[in-house]
Amino acid sequence: MDASDQQPTPMGPFYEAVLTVMAEYEHADAAARNAVTSSTLATLARDYAATNDNAEHRARLATDVAEDISLAEAGTIRRAAKAIELGMPGIICRARATGMEPNEIARQLGTTGSYVRRILRENRTTLAEAVAKLSEAGQKFADAVEKTAVAVEAATGQQETAARAWARDYARRHNGGTRPTNAEPDTA
């Protein structure tokens, strides 16, 4: 009997389930390969910084990006960069409000100190708001610590008072109304 004479076996539920799982895995794997990850972004940023405005290095980076980054990834990265650009004044003002110097902000952003100082000048109100928010948050934290300390002291004091009262009542009930010799004097 040759292979063409054999009847194909009908697909059973197990076989269909295996095909479904395999298709889902392939779909998830393909999506994962096209996903933008923080390591993808870190590698791009590091490679870009390493070009040092060298035209040859930048051309090589451009070729690598064009070959390695999918259209979907490029779109995601581009939209993320635009969103960060919109928030850049707030990011810079928040960093300055924490005490960071403009040149350090510039170094971490990969830009110039004059750009950071210009953003700070143009956003004095935002900077003042950021400082006020940090001060307010610090004051709220200090207030919360103080309230907690007061609450702990009050709770501890209440527990001591309650314990003394219980000991007095116990002594009165069980010792014929007399106070044990080692009990504290009645101060309440």
**OP:** Tell me, yes or no, whether the heavy-atom count around L71 atom CG, taken from other residues, nucleotides or ligands under 6.0 Å, exceeds 12.
**Re:** no
Original post:
Who passes salt bridge (charged side-chain N to carboxylate O under 4.0 Å, His left out) against R117, sequence neighbours left out?
Top reply: none
Subject >> R96: partners by salt bridge (charged side-chain N to carboxylate O under 4.0 Å, His left out), with sequence neighbours left out >> reply: E101
**OP:** Could you check if a side-chain atom of R79 sits within less than 4.5 angstrom of a side-chain atom of K82, using non-hydrogen atoms only?
**Re:** no
Original post:
Does the side chain of E73 reach to within under 4.5 Å of the side chain of T76, using non-hydrogen atoms?
Top reply: no
Original post:
Considering all heavy atoms of both residues, which atom of A106 and which atom of G113 are nearest to each other, and what is their separation?
Top reply: CB-N, 3.6 Å
According to side chain to side chain contact (heavy atoms under 4.5 Å, CB included), who are the partners of [X], at least two apart in sequence or on a separate chain?
{"X": "L61", "value": "D47, Y48, T51, V65"}
{"X": "A95", "value": "M100, I105"}
{"X": "R107", "value": "E104"}
{"X": "D68", "value": "D64"}

Original post:
Which residues satisfy the side-chain hydrogen bond (donor to acceptor under 3.5 Å, both in side chains) test with E67, sequence neighbours excluded?
Top reply: none
Original post:
Under the side-chain hydrogen bond (donor to acceptor under 3.5 Å, both in side chains) test, which residues partner T112, sequence neighbours left out?
Top reply: S114
Original post:
So, E122 side chain and I119 main chain: donor-acceptor pair closer than 3.5 Å or not?
Top reply: no
**OP:** Can you measure from CD1 (I92) to CG (L120) and round to the nearest 0.5 angstrom?
**Re:** 6.5 Å
Original post:
Hey, what do you get for OG1 (T63) to CZ (R58), rounding to the nearest 0.5 Å?
Top reply: 14.0 Å
